[in-house]
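Inspection log for the structure reproduced underneath, given as structure tokens.
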Protein chains: 2
Amino acid sequence: MTSDATSSGDLDRYHIAILAELQSDARQSNAELAQRIGLSAAPTWRRVKWLEEQGYITGYRAELDRRKIGLGVLAFVRVDAERSAGSATKALEDEIRQLPEVIACHYISGTGTFELQVMATDLDAFSRFSINTLLKLPNVKDIHTSFSLGEVKAGGALPLTHLQG
Amino acid sequence: MTSDATSSGDLDRYHIAILAELQSDARQSNAELAQRIGLSAAPTWRRVKWLEEQGYITGYRAELDRRKIGLGVLAFVRVDAERSAGSATKALEDEIRQLPEVIACHYISGTGTFELQVMATDLDAFSRFSINTLLKLPNVKDIHTSFSLGEVKAGGALPLTHLQG
DNA sequence: AGTGAAAACCGTAGCGT
DNA sequence: ACGCTACGGTTTTCACT
């Protein structure tokens, strides 16, 4: 990497306001954004471009209603790997990355455990996925599933309160 | 609710293509989007508006690099509630919803357990947060924390493969 | 439904402060 | 570094097929 990955010191309150605004609505016009943060259009636009170039903003994504598109089941799955280090685990990571049903996967400990977030149309489809796909992946010892019974909070907007708060 | 929440039957391949495109880049111009899905600009625009109005698209969000903005720690926290039903749990939900450090929270079982995703600047800040805030919430029995040691897959794009795939 | 054109708006660059 | 102005392109609407 060319620069420090954890240097957020060069963000002023306008940068922070832009990040907050674009996190809640990425499709507002630059004019609208400028007005909301209290700057005129040109410098606002320059700052947005700068935030993109520096890698603070990594992309813009539409958020979909998972139930409307037929994904009734969201599950948190802990996958225990047989061996926790080496090429076997790397291979397992690569396999997991390929699965569209897995929307997130984190390596969470030294004991070879992954935490996955899995989407499926219904319980039946999830069942088939875990038996036919997950449990057949190389180096998988076993899995523990917890289903989401309700979303108390979602939408994953990152807190910015620690910046100049 | 006014209409069926799980009816994705009125989506044709253009709708699906639009959802896929906007999930990967929500800021592309309508002209670009139209060209990619193989339709001209006006009908593409109407379809996008329709998807927004029907609630398939719930919003557009900028994705930020959590490390660049100083959030070095991501943790998965299981919160066990004292009593699993009634107003005490509802109150706990409301408290959790208020915390900016908690970016996601799901109710995951009948035993009064929540799965949280928590962001913090560093281990020290996380430690303070769990001791001073999480453990002091009403109706919390105990918590189990797993730290993310690496993101194998992230970015939470929903699979659309089950639609007319 | 999709097409094509027209008007309003916005993004973008350059210059002045 | 911010703000203003002006141009070129895009979004967005509307009338027509």
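These figures come from a predicted structure and were not determined experimentally. Proteins come first, then strands; the chains are lettered A, B, ... in the order of their sequence lines, and each starts at number 1.
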Less than 4.0 angstrom from a charged side-chain N to a carboxylate O is my criterion; do A:Glu32 and A:Arg36 meet it?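 Result for this pair is yes, salt bridge flagged.
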
Distance alone, cut at 3.5 Å: any donor-acceptor contact between the side chains of [X] and [Y]?
X	Y	answer
B:Glu52	B:Tyr60	yes
A:Thr58	B:Asp65	no
A:Arg78	B:Ser146	yes

Can you tell me the distance, in whole Å, between the CG atom of A:Asn30 and the C1' atom of D:dC2? 14 Å

Should the heavy atoms of other residues, nucleotides or ligands under 6.0 Å from CD of B:Glu151 be counted, would the total exceed 12? yes

Is it the case that more than 12 heavy atoms not belonging to A:Arg97 sit under 6.0 Å from its CZ atom?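 Enclosed.
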
Under a 4.5 Å cut-off applied to non-hydrogen side-chain atoms, are B:Val73 and B:Val118 in contact? no

Is any side-chain heavy atom of B:Glu115 closer than 4.5 Å to a side-chain heavy atom of B:Val77?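 Contact flag for B:Glu115/B:Val77 side chains = no.
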
Does anything in residues 15-29 of chain A come within less than 4.0 Å of DNA chain C? Heavy atoms only, and list the residues if so. A:Ser29

What parts of residues 32-52 of chain A reach DNA chain C, counting only heavy atoms under 4.0 Å away? A:Trp45

Based on Watson-Crick and G-U pairs with both distances under 3.5 Å, what dot-bracket line describes DNA chain C 5' to 3', crossing pairs as [ ] and inter-strand pairs as |? ||||||||||.||||||

Taking the six-membered ring for Trp, are A:Phe76 and B:His106 parallel (under 30°), tilted (30 to 60°) or perpendicular (over 60°)?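 Rings of A:Phe76 and B:His106: perpendicular, as their planes differ by over 60°.
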
Aromatic plane relationship, B:Phe114 with B:Tyr107 - under 30° parallel, 30 to 60° tilted, over 60° perpendicular: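 Plane angle between 30° and 60°, so tilted.
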
